[in-house]
Amino acid sequence: MAGQLSWINGYAHETKGGWTMSDGVEAIFKNTTRVRDSLDSSDAAPLPIKKSKKSAAAIAWKSLLSDWGTGAIIPVVTIFLWQLAGSTGLISAQFLPTPLSIARAFTDLLITGELTHHLGVSMGRAGIGFLIGGVLGLLFGVLTGLFRSVEYVLDPSVQVLRLVPHLAIAPLIILWFGFGEMSKVVIILTGSFFPLYINTFMGIRNVDNKLFEVSRVLGFSPYQKLRRLILPAALPGILLGLRLSLAVAWIGLVVAELIGSQSGIGFLINEAKQNSNTEIVFVGIIIFAIVGKLIDSLFRIIERRFLFWRDSYEG
Amino acid sequence: MEEALLSISNLNKRFESTGGHVQALYNVDLHVQEGEFITVIGPSGCGKSTLLRIVAGLDNGYTGSVTLGGTEIGGPGIDKGFIFQEHRLFPWLTVEKNIASDLPLGNKEIRRKVDELINLVKLNGFEKSYPRELSGGMAQRVAIARALLRNPKILLLDEPFGALDAFTRAHMQTVLLDIWRANKTTMIFVTHDIDEAVFLGNRVVILEPRPGKIRKIVPVDLPYPRKKTTSSFQELRLKVLNYFEKVDELELIDGAGI
């Protein structure tokens with residue numbers, strides 16, 4: 001019952017697209033008044049820190065809303081037409097199940113607890129693979145970014161490996177590590193290593209040389225240089241790398257689970273395919289999409305939280 | 001002559017490039033006493049920024065001697081404060097954290113000094129603001145406070161107000177003079193604005209280009225605070241301008257010869 005409710009809630013959320021979009025428009029207007037406010041008060045008094053923090057959170061929330069609201073128009077219309085085509089018998093249910101029957105399959109899986117089990121397994125795999133690959137990517141990226149000698153030794157090899165689609169080596173990984181958890185984690189980590197490595201490296205190399213001069217004039221120690229200058233300045237690159245790495249980890253997960261596994265969302269899809277259970281295939285795909293989108297949105301919030309100081313064009 | 005704080009003797013600096021070399025500085029001699037306010041003026045390309053960067057320890061590869069407090073300049077450091085043309089604040093730090101930079105604000109002594117400096121550069125109320133929320137003049141004042149927190153022996157300013165509008169610039173000049181009189185920090189101020197040079201300096205150093213060398217050092221004996229409208233100020237301004245125009249002519253003749 002609870003599952004049904006949450007699905008309905010999710011559905012209702014999407015159908016709210018109409019007014020959340022107008023909310024987005026409102027957010028734009030609010031933004032302009034905010035700019036005007038700060039212009040007015042610029043020579044009188046500064047924005048108190050509390051207010052600016054709060055408004056940063058409010059902006060993040062608003063943008064999440066408008067992000068979902070405006071972005072929901074196309075899916076909502078598609079789902080409506082799709083259901084119409086299914087209900088009128090225009091498309092066979094075996095070929096393309098209707099949204100409602102997919103929703104039913106979704107709630108069934110949720111009630112039996114299968115869905116949460118498989119989702120948990122999948123997220124655990126993606127999480128571990130991403131964590132190991134990400135830490136390695138960050139570490140190597142920082143080292144090659146900081147030291148040109150390391151760059152000369154390491155970067156050419158990494159660049160060659162990067163150009164091999166990481167899914168092409170998946171069969172090799174299975175050959176080496178078997179069908180167990182190990183091979184899945186390795187497939188995911190090889191994918192998530194590169195985006196973080198490259199963006200950390202580029203982030204460090206893009207630090208403004210003028211600020212380096214400042215750190216010399218202020219007599220920063222090497223540690224201070226890293227902590228006070230390089231890492232904060234490279235943070236936009238590092239966060240972008242994290243986001244891309246997570247996306248790749250998610251893709252690696254699907255491949256790893258489709259190749260062969262006894263649990264996870266990929267397994268759910270594969271098994272449903274064998275039993276011609278098209279609804280469940282759709283449920284699996286939708287789960288991948290929703291979780292992927294949620295993670296991506298979370299990262300946008302993190303970016304806004306940590307990169308609010310950036311004075312760049314925001315569209 | 002008493003022992004100078006900063007002694008520049010027979011300083012030569014050339015930049016090698018593909019088309020030969022450029023003599024950026026030629027036999028420059030300058031001796032700055034403690035507490036002096038020196039302004040350096042000259043057309044672009046006369047090496048005034050190079051001179052300042054050498055004193056700061058940011059540029060090397062020169063011949064001659066540059067000593068601060070009796071010791072040769074080894075490299076950049078906190079005893080030589082430097083204000084760039086742009087404020088160059090860390091955009092991710094608030095005003096007070098920018099001033100402290102690598103020093104811990106939790107330290108009571110540093111906290112007190114930072115508060116004092118914020119008072120001195122008149123930024124009370126903006127402690128928690130970020131650089132993007134500041135005007136150009138305010139940001140440059142933060143940069144000055146950041147340099148002063150380190151108690152530099154000398155403060156080097158490279159056209160710090162060049163990007164500001166005329167009103168803000170005039171305001172910043174008085175702020176800087178207030179700071180100078182309160183702290184007695186020795187200053188070398190590079191500018192291409194004659195009014196600014198005469199308004200601020202004890203002595204105005206006029207540089208000429210190609211090769212960059214000192215044409216004349218004009219002492220400015222006017223008492224502070226100076227008024228730009230007085231006839232004595234205008235007289236000195238004309239005197240400097242006169243040299244300056246000769247430099248300009250030289251440059252034109254040089255250019256015509258190419």
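Numbers restart at 1 for each chain; the letters A, B, ... are given by sequence-line order, proteins then strands. The structure presented is a predicted model; accordingly, all values stated were derived computationally and were not measured.
For the pair L93(B)/P232(A), no side-chain contact is recorded, criterion being any heavy-atom separation below 4.5 Å from C-beta on. Residues P131(B) and W309(A) form no side-chain contact, since every pair of their non-hydrogen atoms from C-beta on lies 4.5 Å or further apart. Taking 4.5 Å as the limit, every side-chain heavy atom of K210(A) sits out of range of all side-chain heavy atoms of Q85(B).
The CD atom of E213(A) sits 5.0 Å away from atom CG of L58(B), with the distance rounded to the nearest 0.5 Å. Atom CZ of R228(A) is separated from atom CG of L103(B) by 8.5 Å, given to the nearest 0.5 angstrom. For the atom pair CZ (R150(B)) and CG (L218(A)), the distance works out to 5.0 Å, reported to the nearest 0.5 Å.
Within residues 122-158 of chain A, no residue has any heavy atom under 4.5 Å from a heavy atom of chain B.
Of all the listed residues (D102(B), L149(B), D79(B), L134(B)), the one sharing the greatest number of non-hydrogen pairs under 4.5 Å with chain A is D102(B). Ranking D208(A), L307(A), L211(A) against chain B, the residue ahead of the rest is L211(A), based on heavy-atom pairs under 4.5 Å. Of the residues considered (R227(A), Q224(A), R216(A)), R216(A) shows the highest number of contacts with chain B, using heavy-atom pairs under 4.5 Å.
Annotation for I74(A): atom CD1 does not count as buried by contact number, only 12 or fewer foreign heavy atoms lying within 6.0 Å.
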Trace of the side-chain contact (heavy atoms from CB on, under 4.5 Å) decision for F306(A) with W92(B): CA-CA 9 Å; F306(A) 284 100; W92(B) 50 84; over 6 Å; no
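Only the backbone of L89(B) comes within less than 4.5 Å of a heavy atom of chain A; no side-chain atom from C-beta onward does. Looking at L235(A), there are no atoms closer than 4.5 Å to chain B (heavy atoms on both sides), in backbone or side chain.
Of the possible donor and acceptor atoms, none in the side chain of R88(B) sits under 3.5 Å from a partner among the backbone N and O of V214(A).
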